[in-house]
**Q** 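Can you read through this structure? Questions will come right after.
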Number of protein chains: 2
Amino acid sequence: MNDLHIEPLPNIDELDEKILKLITKNARIPFLEVARECGVSGAAIHQRVQRLLNLGVVSGSEFIVNPQKMGYFTCAYMGIHLEKAKFHKQVVAELTKIPEVVECHYVTGTYAIFIKVQTKTNKHLKKLIDEDLQEIEGIASTETFISLEMEFKRQVPIK
Amino acid sequence: MNDLHIEPLPNIDELDEKILKLITKNARIPFLEVARECGVSGAAIHQRVQRLLNLGVVSGSEFIVNPQKMGYFTCAYMGIHLEKAKFHKQVVAELTKIPEVVECHYVTGTYAIFIKVQTKTNKHLKKLIDEDLQEIEGIASTETFISLEMEFKRQVPIK
DNA sequence: GCTGAAAACATGAGTCC
DNA sequence: GGACTCATGTTTTCAGC
């Protein structure tokens with residue numbers, strides 16, 4: 001995001017929506033199955049998906065890892081206070097280097113930065129806070145909200 | 001999660017890790033390509049992925065929608081205070097019905113519930129707060145952190 | 001922007017260590 | 001148990017409309 005232009009939204013027709021609904025639930029669904037549902041050829045689906053990728057409407061596909069099965073049992077959100085706003089960029093650069101930080105947002109309000117972390121245990125989280133986060137130059141303080149359970153997670157509504 | 005047992009972690013060997021690294025970045029990568037990278041047959045990859053699915057190590061696959069391209073320009077995190085803890089379940093049930101609420105966590109600390117919302121505009125967010133959230137029985141108050149920019153997002157580290 | 005056909009790939013069954 | 005081969009159906013590409 002190096003410019004402030006507002007680009008017009010891509011035209012998404014009903015066929016695109018139908019395709020999106022299917023492929024956002026299962027990235028490896030056979031395109032022929034999508035094609036049959038939509039009453040067009042498999043190649044048409046392939047072209048549409050390619051177009052949606054080119055437009056940036058979909059940014060790719062992922063297999064979703066279950067953190068718990070990988071031994072990451074603690075999930076937490078953290079609000080970060082900075083000493084000065086100008087530290088923002090370098091703090092984000094440092095946060096990027098910590099693999100347990102899985103999400104990072106520039107926010108307004110009480111905090112300057114908001115992150116999501118996944119650690120193996122609560123002890124691991126404590127270590128991350130004390131040894132990694134508090135050592136980053138520019139971070140004044142942090143506040144932690146431990147997620148005891150993720151109730152649900154989904155994507156933006158498609159019409 | 002209806003029981004409190006701690007299950008042993010699945011055994012993930014180096015081949016599994018190599019596979020995970022590839023398919024979590026691109027769910028539609030040809031398994032034969034993965035196979036070539038790993039020096040095994042395509043069927044072996046297919047079997048391994050199937051096993052990882054059965055074990056729950058991966059919970060499926062998704063094409064990732066870019067909210068901005070769908071006209072959802074405002075992203076916010078919200079902390080929710082409840083009048084009483086016992087309202088928890090019914091509040092979550094109500095939140096589930098609001099499609100703009102894309103994530104919902106049961107948390108400890110300042111808030112009882114923590115959510116992520118995607119709305120088209122700030123005005124849409126205001127409307128959501130005033131007309132939807134504040135109307136839910138059991139919600140005492142909410143606090144909003146608007147994300148001005150998502151700096152990064154990734155999955156749990158795979159070794 | 002869609003179709004149809006050909007080459008590359010995914011998937012499942014059966015087989016061999 | 002885990003990987004291989006083979007057969008069938010799917011994805012992907014591209015010429016043609």
Side-chain angles (χ1 to χ4, degrees), chain A residues 7-71 155-156 158-159, chain B residues 5-66 68-71 155-159:
Chain A
E7 282 173 40
L9 290 179
N11 287 326
I12 309 289
D13 65 15
E14 286 189 19
L15 177 53
D16 289 320
E17 282 171 16
K18 234 170 171 175
I19 295 170
L20 283 172
K21 273 188 193 159
L22 293 166
I23 68 175
T24 52
K25 283 200 197 63
N26 173 10
R28 281 193 88 96
I29 186 174
F31 284 1
L32 275 181
E33 202 174 316
V34 179
R36 283 187 291 264
E37 293 259 348
C38 300
V40 293
S41 72
I45 302 298
H46 185 254
Q47 276 180 27
R48 290 286 189 131
V49 172
Q50 211 53 51
R51 175 178 160 271
L52 291 171
L53 279 164
N54 291 339
L55 288 171
V57 173
V58 290
S59 54
S61 62
E62 289 178 350
F63 268 88
I64 311 299
V65 173
N66 180 349
Q68 315 238 344
K69 297 283 182 177
M70 298 294 283
Q155 295 203 52
V156 149
I158 298 164
K159 272 267 172 50
Chain B
H5 296 294
I6 294 175
E7 284 174 38
L9 290 180
N11 286 327
I12 309 289
D13 65 14
E14 286 189 18
L15 178 52
D16 288 321
E17 283 172 14
K18 230 167 170 178
I19 294 170
L20 283 171
K21 275 189 193 160
L22 291 167
I23 68 175
T24 53
K25 284 200 195 66
N26 173 11
R28 281 195 87 97
I29 187 173
F31 284 180
L32 273 183
E33 202 174 315
V34 180
R36 282 187 290 263
E37 294 259 345
C38 299
V40 294
S41 74
I45 302 298
H46 182 249
Q47 276 179 26
R48 290 287 190 128
V49 172
Q50 211 53 51
R51 176 178 160 271
L52 292 170
L53 278 164
N54 291 338
L55 288 171
V57 174
V58 289
S59 54
S61 61
E62 289 179 349
F63 268 87
I64 310 300
V65 173
N66 180 350
Q68 315 238 344
K69 297 284 182 177
M70 299 294 283
Q155 295 203 54
V156 150
I158 298 162
K159 273 269 172 48

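In what follows, chains carry the letters A, B, and so on, assigned in the order in which the sequence lines appear, proteins first and then strands, with residues in each chain numbered from 1.
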**Q** In whole angstrom, give the distance that lies between atom CG of Leu55(B) and atom P of dG1(D).
**A**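 Roughly 13 Å, once rounded to whole Å.
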**Q** Would you check, one step at a time, whether the test salt bridge (Lys or Arg N to Asp or Glu O under 4.0 Å) holds for Lys159(A) with Asp16(A)?
**A** CA-CA 11 Å; Lys159(A) 272 267 172 50; Asp16(A) 289 320; over 6 Å; no
**Q** Starting at CZ of Phe31(A) and ending at P of dT12(D), how long is that distance when rounded to a whole Å?
**A**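 Phe31(A) atom CZ is separated from dT12(D) atom P by 5 Å.
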**Q** Quick one: Asn54(B) CG to dT11(C) C1', roughly how many Å, whole number?
**A**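 After rounding, the gap between these two atoms is 14 Å.
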**Q** To the nearest angstrom, how far is Asn11(B) atom CG from dG1(D) atom P?
**A**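 The distance from CG of Asn11(B) to P of dG1(D) comes to 13 Å, rounded to the nearest Å.
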**Q** Rounding to a whole Å, what distance do you find between Asn26(B):CG and dA10(C):P?
**A**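 About 11 Å, once rounded to whole Å.
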**Q** Okay, side chain of Gln155(A), backbone of Val65(B): is any donor-acceptor separation there less than 3.5 Å?
**A**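 Checked: pair present.
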**Q** Crowded around Asn11(A) CG? As in, over 12 foreign heavy atoms under 6.0 Å?
**A**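 No.
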**Q** Categorize Ile29(B) for me: base, sugar-phosphate, or nothing, with a 4.0 angstrom heavy-atom threshold over every strand shown.
**A**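 Ile29(B): backbone/sugar contact only, no base atoms under 4.0 Å.
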**Q** When we call it a touch if two heavy atoms are under 4.0 Å apart, what does Arg51(B) touch: a base, just sugar-phosphate, or nothing?
**A**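 No contact.
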**Q** Can you measure from CZ (Arg28(A)) to CD1 (Ile29(B)) and round to the nearest 0.5 angstrom?
**A**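 Reported value, rounded in 0.5 Å steps: 8.5 Å.
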**Q** As a quick check of understanding, evaluate side-chain contact (heavy atoms from CB on, under 4.5 Å) for Ile45(A) and Ile23(A), giving each step before the final call.
**A** CA-CA 11 Å; Ile45(A) 302 298; Ile23(A) 68 175; 5.9 Å; no
**Q** Answer with base, sugar-phosphate or nothing: what part of the nucleic acid does Leu15(B) contact at a heavy-atom distance below 4.0 Å?
**A**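 Touches sugar-phosphate only.
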**Q** I need the CD1-C1' distance between Ile45(A) and dT13(D), as an integer number of Å.
**A**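 Those two atoms, CD1 and C1', are 16 Å apart.
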**Q** Between C1' on dA3(D) and CG on Asp16(B), what's the gap in Å once rounded to a whole number?
**A**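 One finds 13 Å between C1' of dA3(D) and CG of Asp16(B), rounded.
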**Q** Among dA10(C), dA3(D), dG1(C), which nucleotide sits nearest the side chain of Arg28(A)?
**A**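 That would be dA10(C).
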**Q** Take the protein atom CD of Glu33(B) and the nucleotide atom C1' of dT12(D), then report the distance between them rounded to whole Å.
**A**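 Answer to the nearest Å: 13 Å.
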**Q** Tell me which nucleotide among dC9(C), dA3(D), dG4(C) gets nearest to the side chain of Ala43(A).
**A**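 Taking heavy atoms from C-beta onward, the closest nucleotide is dG4(C).
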**Q** Check every strand shown and say whether Ala44(B) touches a base, only sugar-phosphate, or nothing at a heavy-atom separation below 4.0 Å.
**A**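 Counting heavy atoms under 4.0 Å across all strands, the contact made by Ala44(B) is with sugar-phosphate only.
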**Q** Where each residue is assigned the nucleotide of DNA chain C containing its nearest heavy atom, which of His46(B) and Arg48(A) is assigned the position nearer the 5′ end?
**A**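 Taking each residue's closest nucleotide, the earlier one in sequence belongs to Arg48(A).
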**Q** Answer yes or no: does a side-chain N or O of Arg36(B) lie under 4.0 Å from OP1 or OP2 of dC9(C)?
**A**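 Indeed, a polar side-chain atom of Arg36(B) lies that close.
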**Q** Contact class for Gln47(A) (heavy atom, under 4.0 Å): base, sugar-phosphate, or nothing?
**A**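 Result for Gln47(A) = base.
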**Q** Compare the minimum distances between each of dA3(D), dT3(C), dT10(D) and the side chain of Leu32(A), then state the nucleotide with the smallest one.
**A**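 For Leu32(A), the side-chain atoms sit closest to dT10(D).
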